[in-house]
2 protein chains.
Amino acid sequence: MPSSRPLRSDARGNREALLAAAREAFLTGDADAHVKEIARRAGVAIGTLYRHFDTREALVEEVYRQEVDELCAAPGELLGRHAPDEALRRFLLLLVEHAAVGKGMAVALESIMATDSPVFDDARTQMEQALDQLLEAGTAVGTIRDGVSGRTLLRALGGICGMRPTEGWRDEAVHITAILFDGLRFGAPDAG
Amino acid sequence: MPSSRPLRSDARGNREALLAAAREAFLTGDADAHVKEIARRAGVAIGTLYRHFDTREALVEEVYRQEVDELCAAPGELLGRHAPDEALRRFLLLLVEHAAVGKGMAVALESIMATDSPVFDDARTQMEQALDQLLEAGTAVGTIRDGVSGRTLLRALGGICGMRPTEGWRDEAVHITAILFDGLRFGAPDAG
DNA sequence: TCCATAAGGTGAGCCAGGTTCAGGTTATAG
DNA sequence: CTATAACCTGAACCTGGCTCACCTTATGGA
């Protein structure tokens, strides 16, 4: 899909419309909206959807990449404002909040974090690096235990975010995240 | 499905054959084996499969119920042999091991633990009680932090077990479980 | 032993949802 | 203004879960 020359203007418009329709659907409840419905909402035929995105999954990926980008910008900022362990704690909660805004985001985060699907390779790498950044800052200062990779933590978070949102889900996720965070501090040289 | 009178002999045989075929498929790799394939392996028609199980999901549930039963017998035994926190630690690892034996079990455990699907209500309740038993024993002795419900822990484990098994998955799951366990000890009156 | 009959079995076919492709349409460079 | 590559369309296809009208057979009673 990444064409070397720019899209024709109508094509660009359709692509945007499709992404907007998909975003609308995925982020507000209906995480498994049908491709036909998405195409309809975007005002194009299914064929057009498939011209822009190889599969339904590819469309999903594109929708969430922006969310991930945004999320992955956070660690740098958090580290500038807080101690490393506090920054890590806040980032974990940020992920949970993002997953909590809609079933869609939760499912997407799970897909990104808990699978090896090559579709999400970029997003996963980005997330791993974000977590590594936070973990390393914490271990350097001695408030976070050593030997935990961003990848490993990513998996754990993927699991948590992948919990199907239901009654009381958010509070449980926050609670679990707190326990996990304490586990990350456990045994660290200077753990609070 | 739960008939008051016993199944006819041929029906019982077919039911067993279906469960055996499904178990074979689910526990050894192919967690999303098609119903037609399962029926074929069992030597019956699809209609027969659906006579015995309302949906594909119901068949899955039945296959895994036995695993769950076995798993849920463990806490009692572990508590008889180890200190409460050690019993809990071993139980968590037991779950991971079970999830590790096959993709199928992992997916099933996730379905049981991370969703609210009424299909798995029984299994979930059973698991929650098993975890409650361990957590309460630990808090009573002061080695496990207070205020964590079996349900909450179940969710966290569901997430971990739901990670799609891939290279290095088992080690990561064990690692995460260890961190989670330390989180459960963190701040407990008599934590090691 | 044999029959009546209800329990059980069968598989063609339906339906939903993702995907393809032959043919028509249109933006845009020259 | 035109040639044409890029784009769009939607009927049709495919897969996989599930249904149902009709056929087969285990089983209990005479």
Side-chain angles (χ1 to χ4, degrees), chain A residues 1-22 24-26 29-64 103-104 107-108 111 115 117-119, chain B residues 1-22 25-26 29-64 103-104 107-108 111 115 117-120:
Chain A
M1 283 305 104
S3 58
S4 47
R5 61 202 61 192
L7 286 174
R8 227 169 68 176
S9 62
D10 55 345
R12 184 156 20 85
N14 283 336
R15 188 185 163 82
E16 290 310 312
L18 281 164
L19 283 170
E24 168 74 15
F26 296 161
D30 186 10
D32 32 45
H34 312 322
V35 280
K36 281 172 186 169
E37 172 63 14
I38 293 171
R40 197 191 57 72
R41 286 206 216 179
V44 302
I46 324 98
T48 300
L49 188 154
Y50 278 96
R51 163 168 290 275
H52 291 284
F53 305 97
D54 287 343
T55 65
R56 184 183 185 285
E57 202 181 16
L59 173 56
V60 173
E61 184 201 11
E62 193 59 35
V63 166
Y64 291 115
K103 186 177 169 190
V107 172
S111 297
T115 76
S117 160
V119 178
Chain B
M1 284 296 107
S3 57
S4 47
R5 58 205 60 193
L7 287 173
R8 228 167 70 174
S9 62
D10 56 344
R12 183 156 20 87
N14 283 335
R15 189 185 164 82
E16 290 310 311
L18 281 164
L19 283 170
F26 296 161
D30 184 10
D32 33 44
H34 311 322
V35 281
K36 280 172 186 167
E37 172 64 12
I38 292 170
R40 198 191 57 72
R41 286 206 216 179
V44 302
I46 325 97
T48 299
L49 188 154
Y50 278 95
R51 167 169 290 276
H52 290 284
F53 305 97
D54 286 344
T55 65
R56 184 184 185 285
E57 203 180 16
L59 173 57
V60 174
E61 184 201 11
E62 192 60 34
V63 167
Y64 291 115
K103 185 177 169 191
V107 172
S111 297
T115 76
S117 162
V119 179
F120 291 111

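In the text below, chain A, chain B and the rest are named by the order of the sequence lines, each starting its count at 1.
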Find the distance [X]:[atom1] to [N]:[atom2] and express it as a whole number of Å.
X	N	atom1	atom2	answer
A:Asn14	D:dA6	CG	C1'	12 Å
A:Arg51	C:dT19	CZ	C1'	15 Å
A:Leu18	C:dG18	CG	P	14 Å
B:Leu49	C:dG9	CG	P	11 Å
A:Arg40	C:dG18	CZ	P	14 Å
B:Phe53	C:dG9	CZ	C1'	15 Å

If you compare every side-chain N and O of B:Tyr50 against the phosphate oxygens of D:dT19 (OP1, OP2), does one of them come in below 4.0 Å? no
Can you tell me if B:His52 touches the phosphate of C:dG9, counting only side-chain N or O atoms and a distance under 4.0 Å to OP1 or OP2? yes
So, for A:Arg56 and A:Phe26, which heavy atoms are closest and what is the spacing to 0.1 Å? NH2-CE2, 3.8 Å
Which atoms form the tightest heavy-atom contact between A:Ala58 and A:Asp54, and what is the distance? CB-N, 4.1 Å
Show me, pair by pair, the donor-acceptor contacts under 3.5 angstrom made by side chains of residues 34-47 of chain B, not counting sequence neighbours?
{"residue": "B:Glu37", "atom": "OE1", "partner": "B:Arg40", "partner atom": "NE", "Å": "3.3"}
{"residue": "B:Glu37", "atom": "OE2", "partner": "B:Arg40", "partner atom": "NH2", "Å": "3.0"}
{"residue": "B:Glu37", "atom": "OE2", "partner": "B:Arg41", "partner atom": "NE", "Å": "3.3"}

How many angstroms lie between atom CG of A:Leu18 and atom CZ of A:Arg51, to the nearest 0.5 angstrom? 12.0 Å
Distance in Å, A:Glu16 CD paired with A:Arg12 CZ, rounded so as to fall on 0.5 Å steps: 8.0 Å
Sugar-phosphate atoms are those with a prime plus P, OP1 and OP2; base atoms are the rest. Using that split, label each nucleotide of nucleotides 12-17 of chain C B, S or - for protein heavy atoms under 4.0 Å, 5' to 3'. BB---S
Whether each nucleotide of nucleotides 24-30 of chain C has a protein heavy atom under 4.0 Å at its base (B), only at its sugar-phosphate (S) or at neither (-) is summarised, 5' to 3', as --BSS--
Option passing side-chain contact (heavy atoms from CB on, under 4.5 Å) with B:His52 (candidates B:Leu59, B:Leu19, B:Asn14): B:Asn14
Nearest nucleotide by nearest heavy atom, which residue falls closer to the 5' end of DNA chain D, B:Thr55 or A:Thr48? A:Thr48
